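Keep in mind that what you see is a predicted model, and the values were worked out from it rather than measured.
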Amino acid sequence: MVATVELEKDFDAFFGKAPWSAFHPHAVYDKHLDCIRVFLRDCSATERRIDTIFTVLEDNYPDKQQQPFAGFTIKGVKHVFRRIGLPVKGVYALTVILDKIVKTIPEERTQDVKELIQQPLLTELGLEVKLA
């Protein structure tokens with residue numbers, strides 16, 4: 001019991017009393033792993049590799065009316081951006097990145113991935129990613 005009280009005090013001291021914010025779909029560039037991670041839902045997910053570029057996040061426990069698609073990862077961003085002619089700096093709309101990949105790298109299953117990623121949803125959300 002004493003350990004629990006101490007843990008709560010440590011937690012409060014570390015995180016403060018700031019309110020938690022609600023989840024919002026977002027995209028981040030992980031410079032250490034050289035990938036763009038797109039999170040569309042806050043859920044427990046399994047990663048399923050589609051091809052050499054894309055990995056899809058599938059919700060482990062989707063609601064009955066939901067598709068399991070919860071996000072995706074673009075791997076090898078520096079290499080992919082060289083191939084599609086984009087500099088690895090600045091801010092890009094995800095729809096622009098996906099369109100360039102589909103048009104420039106047709107040997108991958110990019111068209112299948114584009115449909116799976118539900119480009120209209122990304123367009124509606126207007127997600128962008130900032131690269132270093």
Spell out, as yes or no, whether a donor-acceptor pair under 3.5 Å connects the side chain of His26 to the backbone of His24. yes

Check: residues 35-43 side-chain donor-acceptor pairs under 3.5 Å, at least two apart:
| unit_1 | atom_1 | unit_2 | atom_2 | d |
| --- | --- | --- | --- | --- |
| Arg41 | NE | Asp59 | OD2 | 3.3 |
| Arg41 | NH1 | Gln67 | O | 3.4 |
| Arg41 | NH1 | Phe69 | O | 3.3 |
| Arg41 | NH2 | Asp59 | OD2 | 3.3 |
| Arg41 | NH2 | Gln67 | O | 2.9 |
| Arg41 | NH2 | Pro68 | O | 3.4 |
| Arg41 | NH2 | Phe69 | O | 3.4 |

Return the CG to CD1 distance between Asp34 and Ile74, rounded to the nearest 0.5 Å. 11.0 Å

Out of curiosity, does Ile105 fall in the hydrophobic cluster containing Leu94 (side-chain heavy atoms, cut-off under 4.5 Å, transitive links)? yes

All pairs passing ring pair (Phe, Tyr, Trp, His ring centres under 6.0 Å) where residues 80-101 contributes a residue, at least two apart: Phe81-Tyr92

To the nearest 0.5 Å, what is the distance between CD1 (Ile53) and CD1 (Ile84)? 8.5 Å

Shortest non-hydrogen pair, Lys75 vs Thr55, comes out as CE-OG1, 3.2 Å

Short side-chain to backbone donor-acceptor contact, Arg49 and Thr52, under 3.5 Å: yes

Is there a path of hydrophobic side-chain contacts, each under 4.5 Å between heavy atoms, that joins Leu57 and Phe54? no

